[in-house]
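Below you'll find the structure, written out as structure tokens, and then a few comments.
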2 protein chains.
Amino acid sequence: MTAANTPHRPMRADARRNYERLLAEAEVAFREQGTETSLEEIARRAGVSIGTLYGHFPTRQALLEAMLHESIDRLVAIAEELLAHPSPGEALARWARATAAHMSAYRGLATSLLSSLKDENNPLYRACQQMTAAGQRLLDRARTAGLVRAEAGADDMFALINAAAWAREQVSAEQGDRLLAFMLDGLRPVPAETRRPVDPGP
Amino acid sequence: MTAANTPHRPMRADARRNYERLLAEAEVAFREQGTETSLEEIARRAGVSIGTLYGHFPTRQALLEAMLHESIDRLVAIAEELLAHPSPGEALARWARATAAHMSAYRGLATSLLSSLKDENNPLYRACQQMTAAGQRLLDRARTAGLVRAEAGADDMFALINAAAWAREQVSAEQGDRLLAFMLDGLRPVPAETRRPVDPGP
DNA sequence: ACCTGAACACCGTTCAAGT
DNA sequence: ACCTGAACACCGTTCAAGT
């Protein structure tokens, strides 16, 4: 593994090996069984005691965060690259699709992520902030191009991407694609002629 | 309780009392703790054995279905009434808001509902179908008024309502409202002048 | 016909004891 | 410095035995 998902400071060789094995098995288990899968099974598959797992990752969120580190960096980098794409709308849509696709690879992850925003101390909190910040630049560029309405913030787009990823876990791939497309189109400015067509109502 | 949530055929008086108490406690527990709350706690609160709970409701979904029966009937009736609303767009939006609000009252319900569509034998499957059918009439009416694009089906709208309800569980009420509004606006036809503004891309 | 509660298998989390 | 595994508290689900 690269330096991205290694812990803060030097580690004893056996500890480091356990850390890596736990991370690798967690990735498999989360992908196959969802983010609520048994931690004891992860420890078992990694060949260590459950106490060792807790020693390295005090909470499920900490383990998820460590597992996501690399891919989040990658998504942030992709956002950076897409800023150079000729079409601000396409760039935004592509990043949203890539992000939603990644999230929906782990059942329950969208829920873990979006709910982490309720607590600053949740290890996933910063991860969400990074992704939101990365999306913000693409969103603002699309807004400047007249493709995004004023009241839509980067947090809204992040929530929509999560919602699409959540839906994608439950429906067919085709419908999942369609739903994300609808959501992104929903960020466009509402054209005057279709606004409140008949009656505003109370 | 009314006849709506009583079981199929005559029941012994004590059985009926247990059934009703379980349903009442389930409603409270699901509302306070979410749809993954402990069934044993529901039985405890209802003052019956866990075996009695399983005797009446063989699965968690069966208990949820029984609990939702009345409110789903109500939402179907509301859809009916809204067909007479002068604005097809407003009617659709109001039904969607009412439905999302109801669903988000029980944490985890949106997931239980949308995922039930993967299995015809899930007791919630029919409940989802009823709601989708109710929404379909409002959706088609809005489509006739030019407010909904051709490729958006009633199942898409149902999924979006669920996604909004799911998001509402995790974010603020204001943001939840906004997200649902974005999603519904995403069902509108895309005006020609904002379609693919610069470059379609590969 | 319905209810009870023990039984079984599983899990999250902590922490004293080891090396 | 790190690891182990027993301990505790909890849960889902089934089913023999009761009334």
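Convention: sequence-line order gives letters A, B, ...; per-chain numbering from 1. Since the structure is predicted, the reported quantities are computational estimates derived from the model, not experimental observations.
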Problem - Any B/N18 side-chain nitrogen or oxygen under 4.0 Å from OP1 or OP2 of C/dC2 - result: no
Completion exercise
Atom CD1 of A/I50 and atom P of D/dC2 are separated, to the nearest Å, by 18 Å
Problem - Gap between atoms CZ and P, on A/R44 and C/dC10 respectively (whole Å) - result: 8 Å
Exercise for the section: Say whether, by atom type as modelled, one donor and one acceptor occur between the side chain of A/R149 and the main chain of A/R188 under 3.5 angstrom. Expected result: yes
Handout entry: Any donor-acceptor N or O pair under 3.5 Å, side chains A/E27, A/Y106
Key = yes
Fill in the blank from the handout: Taking D/dT4, D/dG12, C/dC2 as options, the one with an atom nearest any side-chain atom of B/S38 is D/dG12
Handout entry: A/W166 side chain to A/S104 side chain, donor-acceptor N/O pair below 3.5 angstrom
Key = no
Completion exercise
Of B/R12 and A/R60, the one whose nearest nucleotide on DNA chain C sits closer to the 5' end is B/R12
Fill in the blank from the handout: The answer to which of B/D14 and A/T59 contacts DNA chain C further toward the 5' end, by nearest nucleotide, is B/D14
Practice task
May I ask you to evaluate whether A/H56 reaches the phosphate of D/dC2, defined as a side-chain N or O under 4.0 Å from OP1 or OP2?
Solution key: no
Exercise for the section: Could you tell me the separation between the CZ atom of B/F57 and the P atom of C/dC2, rounded to a whole number of Å? Expected result: 13 Å
Exercise for the section: Would you indicate which nucleotide in C/dT4, D/dT13, D/dT4 comes nearest to any side-chain atom of B/S49? Expected result: C/dT4
Exercise for the section: Look at all strands and tell whether A/R17 reaches a base, only sugar-phosphate, or nothing, counting heavy atoms closer than 4.0 Å. Expected result: nothing
Exercise for the section: Would you mind pulling out the nucleotide paired to C/dC10, Watson-Crick or G-U wobble, both distances under 3.5 Å? Expected result: none
Practice task
Output the single nucleotide from D/dT4, C/dC2, C/dT13 whose closest atom is nearest the side chain of A/E40.
Solution key: C/dT13
Practice task
Starting from C1' on C/dC10, measure out to CG on A/L39 and report it in whole angstrom.
Solution key: 13 Å
Practice task
For A/G51, report the nucleic acid contact type (base, sugar-phosphate, nothing); a contact means any heavy atom under 4.0 Å.
Solution key: base
Handout entry: A/Y54 OH to C/dC15 P, straight-line distance once rounded to whole Å
Key = 13 Å
Exercise for the section: Just call it for B/T52: base, sugar-phosphate, or nothing, with non-hydrogen atoms closer than 4.0 Å on any strand. Expected result: base
